[in-house]
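By convention in this document, chain letters (A, B, ...) are assigned in the order of the sequence lines, proteins followed by strands, and residues within each chain are numbered from 1.
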4 protein chains.
Amino acid sequence: MARIAGSNGPRTAAQIRRAALKLITRHGYEAMSLRALAADVGIQAASLYNHIKTKQDLLYQIIAEHLDALMQSADVAVAQAGADPVARLRAFIGHHLLYHLDKRQEVFIANFELRALEPANLAKAVAQRRAYEERLIRLIEDGIAQAALKPTDTRIAAYAMLAMLTGACTWFRPDGRLSKAELVQLHTDLILNGCAA
Amino acid sequence: MARIAGSNGPRTAAQIRRAALKLITRHGYEAMSLRALAADVGIQAASLYNHIKTKQDLLYQIIAEHLDALMQSADVAVAQAGADPVARLRAFIGHHLLYHLDKRQEVFIANFELRALEPANLAKAVAQRRAYEERLIRLIEDGIAQAALKPTDTRIAAYAMLAMLTGACTWFRPDGRLSKAELVQLHTDLILNGCAA
Amino acid sequence: MARIAGSNGPRTAAQIRRAALKLITRHGYEAMSLRALAADVGIQAASLYNHIKTKQDLLYQIIAEHLDALMQSADVAVAQAGADPVARLRAFIGHHLLYHLDKRQEVFIANFELRALEPANLAKAVAQRRAYEERLIRLIEDGIAQAALKPTDTRIAAYAMLAMLTGACTWFRPDGRLSKAELVQLHTDLILNGCAA
Amino acid sequence: MARIAGSNGPRTAAQIRRAALKLITRHGYEAMSLRALAADVGIQAASLYNHIKTKQDLLYQIIAEHLDALMQSADVAVAQAGADPVARLRAFIGHHLLYHLDKRQEVFIANFELRALEPANLAKAVAQRRAYEERLIRLIEDGIAQAALKPTDTRIAAYAMLAMLTGACTWFRPDGRLSKAELVQLHTDLILNGCAA
DNA sequence: CATGAATGAGCTTTCATTCAT
DNA sequence: TATGAATGAAAGCTCATTCAT
């Protein structure tokens with residue numbers, strides 16, 4: 001029996017997506033039951049299936065769409081930074097950090113729930129993530145080639161930066177001591193100049 | 001009916017621990033069934049209960065023992081480095097990275113399965129981890145106080161370092177391109193001096 | 001929103017009937033979901049209810065209409081055979097077999113899905129089938145009374161014949177080795193004369 | 001919590017088999033829920049899985065074991081009948097009918113629930129049944145070769161006999177008007193000599 | 001110390017059906 | 001006439017855990 005007049009299909013789908021982000025982040029994919037998800041949305045568990053294909057597919061959609069959006073917005077941010085390699089690296093760092101702080105739930109899920117993906121979905125997600133990492137590696141390579149950055153193992157440096165920046169999502173609180181801008185400043189400085197006096 | 005004469009209890013307990021590390025790392029705590037764990041060990045699920053209290057307790061023991069060992073060995077490593085603040089920080093970084101690369105499974109679990117802990121266990125584990133983080137924060141504060149390190153937000157710097165170093169466990173492969181020593185060298189340099197030319 | 005202008009209701013109803021015959025025969029009544037039925041027709045499950053009352057009613061209609069048609073056409077066939085008891089029995093046998101071979105799906109359903117009928121519907125269907133069996137029993141009784149058939153237990157003989165003839169629907173294939181006419185010939189001979197030399 | 005002292009595993013397994021025969025016969029495989037089966041046995045649904053692999057496997061075991069037993073006992077019965085082809089055919093008929101009347105539930109299931117078998121299981125069951133049918137076809141061929149039976153299409157004759165005999169299971173009631181021996185007599189006569197005067 | 005059998009709770013998913021649009 | 005969204009019930013199955021043996 002439809003409870004509410006008017007087409008609320010898209011609204012329900014959006015609510016499901018939002019609730020899933022919350023519950024997966026909080027309890028993990030395996031630990032989130034569809035009953036709990038439905039209850040959070042305010043519908044019956046069976047009704048979820050008017051909006052999702054399976055629980056697994058719900059997870060994959062969340063991850064895949066996040067990785068897509070991350071990649072596209074990173075490309076835009078770097079492109080706007082011009083040609084200077086350090087400026088481009090700064091743009092990437094700033095974008096990555098801000099985007100991640102904005103989408104903390106998606107980030108958490110895309111990083112920690114990959115193992116819950118079925119093999120086929122996992123392969124696609126890993127390929128998407130790999131492509132993103134390659135963007136950063138290219139930036140570092142360019143910086144080194146133009147003598148703006150010190151020679152180093154570019155892949156390890158990229159992984160180290162990404163781990164550091166992504167890690168910030170784990171503990172950042174919007175109402176905490178530091179603003180996002182300060183966070184960007186601190187991390188950019190740490191990455192570019194290190195902590196030694 | 002005991003299959004083998006003689007006490008093989010401790011051996012079984014160790015096998016359980018080892019199998020649990022493997023399966024939790026691979027599939028996650030929620031996704032690891034005790035039946036699968038028992039099968040991996042070669043016993044029936046019911047027999048597990050001669051060696052563990054509950055599934056939850058098994059997880060907590062793994063995490064708590066790991067955090068204890070990490071703390072104690074870190075203290076030893078730093079103490080051996082003498083009094084120079086940068087030398088002490090280098091010792092911490094090297095120890096953290098090497099220890100994490102050795103105990104990749106325990107590290108993974110202690111980082112990603114905290115949310116699976118019951119509140120009481122979670123509180124204890126978080127306190128342990130917090131104490132470890134404070135060790136690093138003190139090192140950085142000391143370095144700044146002695147003008148060996150640049151002034152910065154010490155907590156954020158500590159978190160950033162830990163995230164970077166711990167992240168290496170995720171992708172490091174023992175048979176990979178780089179040795180552990182190289183990894184330590186690269187990360188120490190990155191942390192102390194940054195990547196800018 | 002109706003997709004096609006103009007009334008295609010009767011056509012849809014016929015498609016539903018046809019698809020139901022196919023799917024119930026193939027998978028059984030319980031195993032056929034209305035979603036699958038609707039998909040086969042090319043509409044949504046909800047739209048089925050513009051053409052059927054319930055799933056149970058759909059089944060009953062199929063069975064009841066089949067039993068009605070069977071009875072009426074049998075009566076016609078026997079009446080056309082004249083007065084000779086053996087000729088009338090031959091007519092019944094031939095008609096039963098040919099009709100069953102033509103309506104294999106309906107026959108299958110009417111025989112194997114009776115147990116899926118609700119009590120009230122079951123009672124009516126059983127009564128219809130019982131009446132049909134009685135027709136054959138009367139034919140055998142007449143034959144015996146006129147010394148054209150050997151005395152025997154008429155009910156058992158009737159059941160045996162019906163089982164044999166109906167069974168042919170199970171394995172008959174229109175493109176098989178034998179024609180329908182040959183099948184009728186073989187079965188009629190077997191029933192009348194047996195297989196002994 | 002084990003309710004009853006002493007090992008009642010095999011007993012439970014047998015009860016499950018018996019209850020499954022009853023419920024599948026009565027309602028059909030699809031319509032029998034494992035909860036209902038467990039309730040009939042007096043255990044929880046989950047406990048069924050200490051004795052069966054899956055619902056599908058339970059069905060297959062019932063069918064396969066029945067077909068095996070049928071084949072073996074038929075071979076014994078025919079062998080005991082000596083060399084005369086008609087005596088051997090009589091033995092087969094008598095055995096088939098009596099065995100079927102004894103195992104009405106298994107027979108019903110093996111005939112009407114084949115379509116519920118998964119493809120792999122279906123293939124095996126069909127092969128078993130085919131082998132049984134071939135036994136009868138050989139008997140008829142032998143009879144014809146020795147001029148004890150009239151020439152006819154042996155496969156169709158075999159199918160017709162089997163359908164007739166198996167059909168008796170559908171309506172036979174142990175407390176009915178006719179004894180099993182009379183049933184055998186009537187059917188054997190009908191098959192061998194037909195009903196014509 | 002290990003086991004087979006049992007349990008109650010819970011899982012994801014499918015079902016027939018309803019109803020406002 | 002057709003639809004998408006909803007529902008309550010129920011499905012088969014797995015889970016961690018218990019306990020007498």
Side-chain angles (χ1 to χ4, degrees), chain A residues 1-13 30-38 43-56, chain B residues 1-9 12-13 30 32-38 42-56, chain C residues 1-9 12-13 30 32-38 42-56, chain D residues 1-13 30-38 43-56:
Chain A
M1 198 180 333
R3 282 284 164 72
I4 310 168
S7 165
N8 52 348
R11 187 162 40 199
T12 303
E30 294 280 354
M32 174 193 72
S33 86
L34 291 188
R35 276 174 170 80
L37 176 60
I43 59 177
Q44 294 295 319
S47 305
L48 289 174
Y49 285 84
N50 288 316
H51 306 278
I52 68 173
K53 221 154 55 82
T54 62
K55 188 189 180 191
Q56 165 74 203
Chain B
M1 196 179 338
R3 282 287 162 72
I4 309 169
S7 162
N8 53 347
T12 303
E30 294 280 354
M32 175 194 70
S33 86
L34 290 190
R35 272 175 172 77
L37 176 60
I43 59 178
Q44 293 301 117
S47 307
L48 289 174
Y49 285 84
N50 290 315
H51 305 278
I52 69 173
K53 217 153 60 80
T54 63
K55 188 189 180 190
Q56 165 74 201
Chain C
M1 194 181 338
R3 283 285 163 71
I4 309 171
S7 164
N8 53 348
T12 303
E30 294 279 355
M32 175 194 71
S33 84
L34 290 189
R35 273 175 171 78
L37 176 61
I43 60 178
Q44 293 301 116
S47 307
L48 289 174
Y49 286 85
N50 290 315
H51 306 277
I52 69 173
K53 216 153 60 79
T54 63
K55 189 189 180 192
Q56 166 73 204
Chain D
M1 199 180 331
R3 281 284 164 74
I4 309 170
S7 165
N8 53 347
R11 186 161 40 200
T12 303
E30 293 281 353
M32 175 194 72
S33 86
L34 290 188
R35 278 173 169 81
L37 176 60
I43 60 177
Q44 295 295 320
S47 305
L48 289 174
Y49 286 85
N50 289 316
H51 306 278
I52 69 172
K53 221 152 56 81
T54 62
K55 188 190 181 191
Q56 164 75 202

> Looking only at heavy atoms, what is the nearest atom pair of Glu30(A) and Lys55(A), with distance?
Replying inline: O-NZ, 3.7 Å

>> Can you see if the side chain of His51(B) gets near the phosphate of dA2(E) - specifically, an N or O under 4.0 Å from OP1 or OP2?
In response: yes

> Can a donor-acceptor pair under 3.5 Å be found between the side-chain atoms of Arg35(D) and the base atoms of dA10(F)?
Replying inline: no

> How far apart are the closest heavy atoms of Leu34(A) and Tyr49(A), and which atoms are they?
Replying inline: CD1-OH, 3.3 Å

> Hey, what do you get for OG1 (Thr54(B)) to CD1 (Ile52(B)), rounding to the nearest 0.5 Å?
Replying inline: 6.5 Å

> Which distance, rounded to the nearest 0.5 Å, do you find between the CG of Leu37(C) and the CD1 of Ile43(C)?
Replying inline: 7.5 Å

> Taking only side-chain nitrogens and oxygens of Ser33(D), does any of them come within less than 4.0 Å of OP1 or OP2 of dA10(F)?
Replying inline: no

>> Students often get this wrong, so: under 4.0 angstrom with heavy atoms, is Ile43(A) touching a base, only sugar-phosphate, or nothing?
In response: sugar-phosphate

> Just to confirm, is there a sub-4.0 Å distance from OP1 or OP2 of dA2(F) to any side-chain nitrogen or oxygen of Thr12(C)?
Replying inline: yes

> Think Gln44(B) has a side-chain N or O under 4.0 angstrom from the OP1 or OP2 of dA2(E)?
Replying inline: no

>> Closest approach to the side chain of Ala46(C), judged atom by atom: which nucleotide of dC15(E), dC13(F), dT18(E) is it?
In response: dT18(E)

>> Looking at every heavy atom in both Ala45(D) and Arg35(D), which two are closest together, and how far apart are they?
In response: CB-CG, 4.0 Å

>> I need the CD-C1' distance between Glu30(A) and dG10(E), as an integer number of Å.
In response: 14 Å

>> Need the pair for dA2(E). Rule: Watson-Crick or G-U wobble, both distances under 3.5 Å, any strand; none if unpaired.
In response: dT21(F)

>> Judged by each residue's nearest nucleotide on DNA chain F, which is more toward the 5′ side, Ala45(A) or Ile52(B)?
In response: Ala45(A)

> Rounded to whole angstroms, how far apart are CG on Leu34(C) and C1' on dA16(E)?
Replying inline: 6 Å

>> Under 4.0 Å from OP1 or OP2 of dT7(E): is there any side-chain N or O of Ser47(D) that close?
In response: yes

> Want to settle it: does Leu48(D) or Asn50(B) sit nearer the 5' end of DNA chain E, counting the closest nucleotide to each?
Replying inline: Asn50(B)

> Now, which nucleotide makes the Watson-Crick or G-U wobble pair with dT13(E), with each of the two distances under 3.5 Å?
Replying inline: dA10(F)

>> Please report the distance, rounded to the nearest Å, between CE in Met32(B) and P in dA16(F).
In response: 7 Å

> Tell me: CD of Gln56(B) to P of dC15(F), nearest whole Å?
Replying inline: 18 Å

>> Both Tyr49(A) and Lys55(C) contact DNA chain E. Taking the nearest nucleotide for each, which residue is further toward the 5' end?
In response: Tyr49(A)

